[in-house]
Amino acid sequence: MKCLLCASTDTPEIISFGKVPLANAFLDSPDSREELFDLTLVFCPVCSLVQITQSIDPNKLFRNYSYYSSMSDTMLKHASDLVDSLVKERKLNSLSQVIEIASNDAYLLSNFQKYGIPALGIDPSVNLAVIAHSKGVQTITDFFSDRLADSLPKADVIIALNVLGHVPDPNDFLRGIHKVLKPNGVCVIEVPSVRATIEGNSFDQIYHEHLSYWSLSSLRYAFKGNNLMIARAEKISIHGGGYRLYVTQPSAIRDRQTNQMFEIESALGLDKFVYYQCFADRVKDVGILLRTLLAGLHSVGARIVAYGAAAKGTQLLNYIGATPDIIEYVIDSTPVKIGKYVPGCRIPIVSPNNLGTQGYVLLTAHNWRDEIKSKHKDFTGQWIIPLPFPTIE
Ligand code: TMP
Ligand code: ZN
């Protein structure tokens, strides 16, 4: 095992989940066989990057992708707000060039159309590219890389949301960004923060698509090493907590608030292994609490379902050893997931019409708590929030 960022070979283990299925590899039938892969999280003391040890072939994970960003109203609003602020702040117009890396179903880039600003998407997923094209958004169906960067126009704005953690070679990815970014351009990167994962006991964020888990310390190491700088960092709450980074060529001055964020993370010790050491014990406790809670409810005949066939749901349900006789089904609104089965635990996925009005719902998509609850005002049962520690509300 070599660190993805600095190639160091000394990477102590934070937690291991043993062999688990790929979290988004939903099954067509409960009798289908899923492949299992080792899932172990480690820390690199040289560059501070937290990462998993097993890299799955990206073609297997991302060429046909069941995650549609436009499924969430919160995500759509987040995207249109970002576009509005970039157009204003960067004074973009019909002569500007925007590029989005991992443009998914064009949920974000389609917002540039009303402004008449040229926007190019890049995404490896064939099924998502069809949707993007139907919205009139030009999309290159490929992985972004240093090599692909040679064939791209220079950009005033590059947007890369929730993709850095998926990239097998972060240095190659950042070299490509450096190449495409105009001297005065800005690259907006959003990435979940490892601090939110660790402090939120969010072991459900750890699965094979997520190769790396970033702190400001590892981000700084990565950008500096590729001739880029974080001019500004902001905290964001989407996807359970992360950073929005405004990355530029290395001439800009870093603002005061961003410097303070660096100081706080360093004081908390995110660049030291000891910060990560108790995580495995806490996760174990959460697992015991959840299993006890569900077994207790089941034993008194309660109806229990889960909500959100997200990748994190697969990881959580398998970790607690859920079975279809305890959790009847998982609700999800994504059309391509309905009718399939969660890999590993083989619980069926059904549409939100099946929620009913009573019983217990394990909110596996707990990051969308407010949005999901607001869609089901007629549900009078109880919501089980699994993390950071299980609660019922
Ligand atoms: P995510 O947490 O990775 O974004 O995945 C959330 C999953 O939950 C995704 O499969 C879509 C689903 N979902 C619903 O079914 N209803 C909703 O209201 C929302 C927000 C998400
Ligand atoms: Zn490293």
Side-chain angles (χ1 to χ4, degrees), residues 1-12 23-24 26 42-53 65-79 104-105 107 161-163 165-166 169-171 190 192 194 196-197 200 202 204-207 209-215 217-222 224-225 237-242 271 273 305-317 329-338 340 342 349-355 361-377 379 383 386-387:
M1 155 77 203
K2 260 196 201 164
C3 172
L4 294 175
L5 188 56
C6 77
S8 162
T9 50
D10 174 24
T11 52
N24 269 322
F26 297 100
V42 300
F43 172 75
C44 175
V46 176
C47 68
S48 310
L49 189 65
V50 172
Q51 56 204 284
I52 61 167
T53 54
Y65 203 41
S66 58
Y67 184 79
Y68 291 61
S69 298
S70 56
M71 271 300 130
S72 152
D73 297 339
T74 316
M75 201 68 200
L76 288 171
K77 168 122 186 18
H78 183 79
N104 201 276
D105 56 6
Y107 75 106
L161 311 189
N162 297 308
V163 58
H166 295 189
D169 185 349
N171 289 311
E190 288 183 4
V194 70
T197 303
S202 302
D204 59 345
Q205 281 291 345
I206 304 163
Y207 48 88
E209 276 173 29
H210 293 165
L211 293 169
S212 53
Y213 304 76
W214 296 81
S215 61
S217 169
S218 53
L219 286 163
R220 182 155 56 176
Y221 186 101
K224 215 171 162 191
S237 59
I238 205 140
H239 282 301
D271 50 354
F273 181 57
V305 302
Y307 204 120
K312 67 170 77 62
T314 303
Q315 163 70 346
L316 185 126
L317 292 168
Y329 41 74
V330 182
I331 290 166
D332 200 289
S333 61
T334 315
V336 295
K337 293 182 184 176
I338 295 168
K340 299 210 171 180
V342 178
I349 303 168
V350 300
S351 82
N353 300 335
N354 295 279
L355 179 62
V361 183
L362 174 62
L363 193 54
T364 35
H366 52 97
N367 50 324
W368 303 122
R369 176 194 197 151
D370 295 342
E371 182 172 340
I372 289 172
K373 278 183 153 186
S374 74
K375 284 179 184 161
H376 294 286
K377 293 222 170 74
F379 177 72
W383 299 88
L387 296 170

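First listed ligand is number 1; within each ligand, the first listed atom is number 1. All of these numbers come straight from a predicted model, not from anything done at the bench.
- Under 3.5 Å, the side chains of E209 and N24 contain a donor-acceptor pair of N or O atoms.
- If you number the atoms of ligand 1 from 1 as listed, the ones under 4.0 Å from a heavy atom of S333 come out as 14 (C), 15 (O), 16 (N).
- Looking only at protein heavy atoms, the nearest one to atom 6 (C) of ligand 1 is W368 NE1, 3.3 Å.
- Side-chain contact annotation: T334 with D332, donor-acceptor N/O pair under 3.5 Å present.
- Of all the heavy atoms of K312, the ones lying under 4.0 Å from any atom of ligand 1 belong exclusively to the side chain.
- Between Y107 and L161 the shortest heavy-atom distance is OH-CD1, 3.8 Å.
- Partners of K224 under the salt bridge (Lys or Arg N to Asp or Glu O under 4.0 Å) rule, at least two apart in sequence or in another chain, do not exist in this structure.
- Considering backbone and side-chain atoms alike, Y307 places every N or O at 3.5 Å or more from each N or O of ligand 1.
- Looking only at protein heavy atoms, the nearest one to atom 18 (O) of ligand 1 is K375 NZ, 2.6 Å.
- For the ligand labelled ligand 1, residue Y67 lies inside the 4.0 Å heavy-atom shell.
- Not one N or O of S72 is nearer than 3.5 Å to an N or O of ligand 1, by distance alone.
- Heavy atoms only, all atoms of each residue included: L316 and D204 are closest at CB-CB, 4.1 Å.
- Near H239, the atoms of ligand 1 lying under 4.0 angstrom from a non-hydrogen atom of the residue are 4 (O).
- H376 and Y307 have their aromatic ring centers within a separation under 6.0 angstrom.
- Looking only at distances, no side-chain donor or acceptor of Q315 sits under 3.5 Å from a matching main-chain atom of G313.
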Audit row: V305, I331, side chain to side chain contact (heavy atoms under 4.5 Å, CB included) steps and yes/no: CA-CA 8 Å; V305 302; I331 290 166; 4.2 Å; yes

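- Scanning the protein for heavy atoms near atom 12 (C) of ligand 1, the closest one is D332 OD2, 3.2 Å.
- Considering only residues two or more places apart in sequence or on other chains, K375 meets the salt bridge (Lys or Arg N to Asp or Glu O under 4.0 Å) condition with E371.
- Between the side chains of H78 and E190, at least one donor-acceptor pair of N or O atoms lies under 3.5 Å.
- From the protein, the heavy atom lying nearest to atom 5 (O) of ligand 1 is A310 CB, 3.2 Å.
- N367 is linked by a side chain to side chain contact (heavy atoms under 4.5 Å, CB included) to H239, K312, A365, counting only residues two or more places apart in sequence or in another chain.
- S69 and N104 make their closest contact through N-OD1, 2.9 Å (heavy atoms, listed as atom of the first residue, atom of the second, distance).
- For ligand 1, the atoms lying closer than 4.0 Å to a non-hydrogen atom of K337 are 9 (C), 10 (O).
- Contacts between D73 and ligand 1, counted as non-hydrogen atom pairs separated by less than 4.0 Å, are absent for every part of the residue.
- Each protein N, O or S atom less than 2.8 Å from the Zn ion (ligand 2) was counted, giving 4.
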